[in-house]
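In what follows, every chain begins at residue 1, and chains take the letters A, B, ... in the order their sequences are listed. Bear in mind the structure is a predicted one, so any value in this text is a computation, not a measurement.
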Amino acid sequence: MTSEEEMIIQTPDYEDNSYEEEEKEKSEKSDKEIIRFQNLSYTYSSKTTALKGISLSINQGEFVFIVGESGSGKSTLIRTLLGELKPTEGDIIVEGANLKNIGRKEMPYYRRRLGVVFQEFKLLEDRNVYENVEIAQRVIGVKKDKRIENCNEMIKLVGLSDQSKKKVRELSGGEQQRVAIARAMVNKPSILLADEPTGNLDPNNSWEIMGLLQNLNEMGTTVVVVTHNDNLVNSMQKRVITLQTGEIIGDKLGGYIQ
Amino acid sequence: MSNFFYGIGQGIKGMFQNKMFSFAAIGTVTACLFIFGVFFSVILNFRAIVYKAESQVGITVFFEENLAQADIEHIGVLIKQMKGVDSVKYVSPEEAWENFKKDKFENDEDLIETFGDENPLKDSASYVVKISDMKQEPTISKDIEALEGVRKVNSIEAVAGSINNFNLLVAYVSITLIVLLILVSVFLISSTVAMGISVRKEEIAIMKLIGATDRFVRFPFIVEGVLIGIIGAAIPVGLLYIFYGSASDYIAKQFPSISKWFDMVDSVSVFSVVIPASALLGIGIGLLGSAHSVRRHLKV
């Protein structure tokens, strides 16, 4: 493993912290900016402007909902953060690094800092639960023994230990999304991006997934969730950023704007 | 190292998972390399015929009447010293008459008897000069003609020209065909692998989004392409080996008259080139085809 890779996957071993240390760390973290969008605009080649001058900042350890109607620019914002789309204007700064300065070759190493969960799960259908989680560890070159330990730990955390040998296509939607979360989190990224993670799930499964994301946030991960599920947003009382036609029209703590 | 073996494993798995595409790609490489092998064998045998023809034709040098044997021998020495001359053979008037009788009269005793003991070719002693490179034939003929004591030189300019032209034609046609076949193979395997990859573009996109490097994503597809190339090369080589051996036996048995003046090039000579060339082409085609196809899907 290169020193660059080591640096990227290094995250605090949050499980060993005492309660007091965790609380202290949490309050310190909450003041530290982890993501900043600076006057960000994005226009598709079809001349449709999806984002217009977005400026916002997300601190380490925050749980943020990004809401808005279809076409408001929520997913475009996530895709620019993932480096899938290059901003037409403005900057995205993640953990102090400006995405503008990250070249094609460095992009995979940048992406390893982020865990990503999608509405349609995006799992490798022909592989089992374990293999789907393991691929994220293989990508960063983790050794076999450590890989087995980390994957089993994460599969246990999402409650799928007894199903780890099952092909993912045999699982329910909620279970598949748990696998996706385990894969996103196994490398212990500092940021978890979830694009409509409950979009394909029934209310019960949606609540379970949100509970899981909340747990991960409590363990120290910064969680950014794109959704249009009003009930979840209103019940969870987190920071909510509302987008409309590519612009921020609301940014407040504790509930959804109606 | 762990990811290296993982990539190989995934490449093998991918080949079996996409059976239809793998089968089509192997078929494409097999067809192209089989045609390549057939052309190569044919070309090699053509060249063998040309070499044989070259070695059998020679310039005939006749001497002035009543030239002393010592002068004839001196002319022989001078010819041997000329650049491009392979061998010089003296044909006495007696040998010339014997050859004539055999060729023209087909040993017809009645006809031969009309000549009695007289040798009508008594002034037809000659040298048959073999040359190593047909292109030098006109110069050598001219130089021999200029020697003192030489009456006539039967030049083989027309034959030499034809052999040269035929040699050139065979070379051009074979190079063109082989280049065309390689291009067609690369295009076909690239399209076939691209079809297989487009089915798995979602998988590639997922890998990229979880932070896989291009090398990590590309490697299993390269392994798959190379495997397809190796299998696609092994099949036509095997088929050709059987086919070539049978063709040699068939020609020898069924066409003994052809076999008299033309021996098919032996299998070892043909396959010592066909096997490594096919393996290299197969691997190269597989490598190029898969690398080209996967590149389009890496821009995530």
| field | B:Glu203 versus chain A, the contacting section by heavy-atom distance below 4.5 Å | value | both

| note | Distance col, row A:Ile135:CD1 vs B:Phe216:CZ, nearest 0.5 angstrom, shows 4.0 Å

| said: Counting only non-hydrogen atoms closer than 4.5 Å, does A:Leu85 touch chain B with its backbone (N, CA, C, O), its side chain (CB onward), both, or neither? | reply: neither

| By a 4.5 Å heavy-atom criterion (distance strictly below it), what part of A:Arg79 contacts chain B: side chain, backbone, both, or neither? | neither

| said: side-chain contact (heavy atoms from CB on, under 4.5 Å) for B:Glu202 and A:Leu124? Distances and angles first, verdict last. | reply: CA-CA 9 Å; B:Glu202 178 80 2; A:Leu124 304 172; over 6 Å; no

| task | Identify the two heavy atoms, one from A:Pro108 and one from B:Thr213, that lie closest to each other, and give their separation to 0.1 Å. | result | CG-CA, 3.8 Å

| task | List the steps, then state whether side-chain contact (heavy atoms from CB on, under 4.5 Å) holds for A:Arg111 with B:Lys208. | result | CA-CA 9 Å; A:Arg111 284 179 178 155; B:Lys208 292 287 291 175; 4.1 Å; yes

| Steps toward side-chain contact (heavy atoms from CB on, under 4.5 Å) verdict (B:Ile206, A:Phe118) | CA-CA 10 Å; B:Ile206 294 168; A:Phe118 301 94; over 6 Å; no

| query | Which heavy-atom pair separates B:Tyr6 from A:Arg127 by the least distance, and what is that distance? | reply | OH-NH1, 2.7 Å

| query | With no hydrogens and no angle check, is any side-chain donor or acceptor of A:Arg112 less than 3.5 Å from a backbone partner on B:Gly211? | reply | yes

| For B:Phe23, does the CZ atom have more than 12 heavy-atom neighbours from other residues, nucleotides or ligands under 6.0 Å away? | no

| task | Can you establish whether the number of heavy atoms outside B:Phe271 located under 6.0 Å from its atom CZ is more than 12? | result | yes

| message | For A:Val139, is there any backbone N or O sitting under 3.5 Å from a side-chain donor or acceptor partner on B:Asn3? | response | no

| task | Taking atom CD of A:Gln214 as the centre, report whether more than 12 heavy atoms of other residues, nucleotides or ligands fall under 6.0 Å from it. | result | yes

| field | For B:Leu209 against A:Leu82, the heavy-atom pair lying closest together | value | CD2-CD1, 4.2 Å

| task | Using a strict cut-off of less than 4.0 Å between a Lys/Arg side-chain nitrogen and an Asp/Glu carboxylate oxygen, indicate whether A:Lys105 and B:Asp214 qualify as a salt bridge. | result | no

